[in-house]
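Please read the structure below before turning to the comments.
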Amino acid sequence: MTLYGVGLGPGEADLVTVRGQRVLETADVVYSPGRLSRTVATHHVPESKVGDLDFPMTRDPETLRTAWKEAADEIAPQAREGDAAFVTLGDPNVYSTFGHLRRTMDAFHPNVDLEIVPGVSAVTAFTTALDVEIDAGAGLALREASGGASPTGPDRMVLFKVTDAPATHEGLDAAGYDVTYGRRLYMEQGETAVTGDPEEVAERDYYTLAYAEKRGIEKDRATAKFDVDDGAEAGEDGGAEAGETDGPTAETEEGSA
């Protein structure tokens, strides 16, 4: 019998993985740490199957430790007698509340088997929503930017928890970054926004992220422009015949980006 930490993905119910959906459907009880994750979970399981847990909105460490121990004490018997799932938006190991539960279970209920089901994280999903391509070989740093923080240094950054976009933008712009903001991407709750104007997402929202890229980065993309040799015979689609280009050949599927 097992406790499963299940990543629900970035927010839309149909972005839950096939494995995650299967675990939710077969678990005896599904626990959720908040309203948004509960809403996604109930697309896949009946409301009656979802267990209630109470997590106070506080930064007091003693209060939080008490809440997590109570949650672990509630979940442990269910995971010993059957299968239980604890769901979280994104991935259970990326900026997730599940890490607190896992450590609490290890401390007080070490005999409970635990398995993690990864989910689609905003760390990668943001690229599609913001129409960003991270080239093979490019570096990408993950930073937190709550309270108007403006972390700098790497050429490309994805910033989580952008709760004061105007203040964050001011620092990033001065440091030479172009910034795009995304709010509540892939979420059915609240209004989704994608914008380069920080004022459009100025209202505090925990689910706002940003992609910052240094201006003037050189992007050497072999496929940015296809040149045909003067002597090469163009095919019907205007490209060179197979095997007659001077550029690098395509890699195998397993080795391509």
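As the structure is a prediction and not an experimental result, all values here were calculated from the model. What's counted below: heavy atoms across the whole structure, side chains too, no hydrogens, waters or symmetry copies. The first residue in the sequence is number 1, and the count goes up from there.
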Looking only at non-hydrogen atoms, find the nearest pair between [X] and [Y] and report the distance.
X      : Y      : value
Pro33  : Thr97  : CG-OG1, 3.8 Å
Pro154 : Arg143 : CG-NH2, 3.7 Å
Asp54  : Ala67  : O-CB, 4.1 Å
Met1   : Ala79  : CB-O, 3.1 Å
Ala84  : Gln78  : CB-CB, 4.3 Å
Gly182 : Leu130 : CA-CD1, 4.1 Å

Salt bridge check: are [X] and [Y] linked by an N-O gap of less than 4.0 Å?
X      : Y      : value
Asp155 : Arg215 : no
Arg204 : Asp164 : no
Arg65  : Glu62  : yes
Asp113 : Arg80  : no

Any side-chain heavy atom of [X] within less than 4.5 Å of one from [Y]?
X      : Y      : result
Thr163 : Thr168 : no
Leu159 : Glu144 : no
Tyr211 : Leu140 : yes

Is it the case that more than 12 heavy atoms not belonging to [X] sit under 6.0 Å from its [atom1] atom?
X      : atom1 : result
Asp60  : CG    : yes
Glu170 : CD    : no
Glu203 : CD    : no

In a table with atom names and distances, give each donor-acceptor pair under 3.5 Å that connects a side chain of residues 7-17 to protein atoms at least two apart or in another chain.
residue : atom : partner : partner atom : Å
Thr17   : OG1  : Gly20   : N            : 2.9

Does a side chain donor of either [X] or [Y] reach within less than 3.5 Å of an acceptor in the other side chain?
X      : Y      : answer
Arg183 : Thr208 : yes
Ser37  : Thr88  : no
Glu74  : Tyr31  : yes

Rounded distance [0.5 Å steps], [atom1] in [X] versus [atom2] in [Y]:
X      : Y      : atom1 : atom2 : answer
Tyr207 : Arg184 : OH    : CZ    : 7.0 Å
Leu24  : Asp83  : CG    : CG    : 11.5 Å
Thr26  : Gln21  : OG1   : CD    : 10.5 Å
Tyr186 : Phe126 : OH    : CZ    : 10.0 Å
Leu53  : Leu101 : CG    : CG    : 8.0 Å
Met105 : Ile75  : CE    : CD1   : 6.5 Å

Using a 3.5 Å distance criterion without hydrogens, assess whether the side chain of [X] forms a donor-acceptor pair with backbone atoms of [Y].
X      : Y      : value
Asp135 : Ala138 : no
Thr104 : Lys69  : no
Ser121 : Val123 : yes
Arg19  : Val117 : no
Lys161 : Gly147 : no
Ser96  : Asn93  : no

Shared hydrophobic cluster, [X] / [Y] (ILVMFWY, side-chain heavy atoms < 4.5 Å):
X      : Y      : answer
Val87  : Val45  : yes
Val194 : Leu172 : no
Leu209 : Tyr181 : no
Phe160 : Val179 : no
Val158 : Tyr95  : yes

Checking side chain to side chain contact (heavy atoms under 4.5 Å, CB included) for the pair Asp91/Phe98: CA distance, chi angles, key distance, verdict? CA-CA 9 Å; Asp91 182 272; Phe98 181 73; over 6 Å; no

Are Tyr177 and His169 close enough that their ring centers fall under 6.0 Å? no

Would Asp178 and Thr180 satisfy side chain to side chain contact (heavy atoms under 4.5 Å, CB included), going step by step from the backbone distance to the final call? CA-CA 7 Å; Asp178 290 324; Thr180 305; over 6 Å; no

Take Leu114 and Thr2, measure what side chain to side chain contact (heavy atoms under 4.5 Å, CB included) needs, and give me the verdict at the end. CA-CA 6 Å; Leu114 188 145; Thr2 304; 5.7 Å; no

Using side chain to side chain contact (heavy atoms under 4.5 Å, CB included), reason through Leu89 and Met187 one step at a time and then give a plain yes or no. CA-CA 10 Å; Leu89 293 178; Met187 290 188 177; 4.1 Å; yes

Below 30° counts as parallel, above 60° as perpendicular, anything between as tilted: where do the rings of Phe86 and Phe55 land? perpendicular

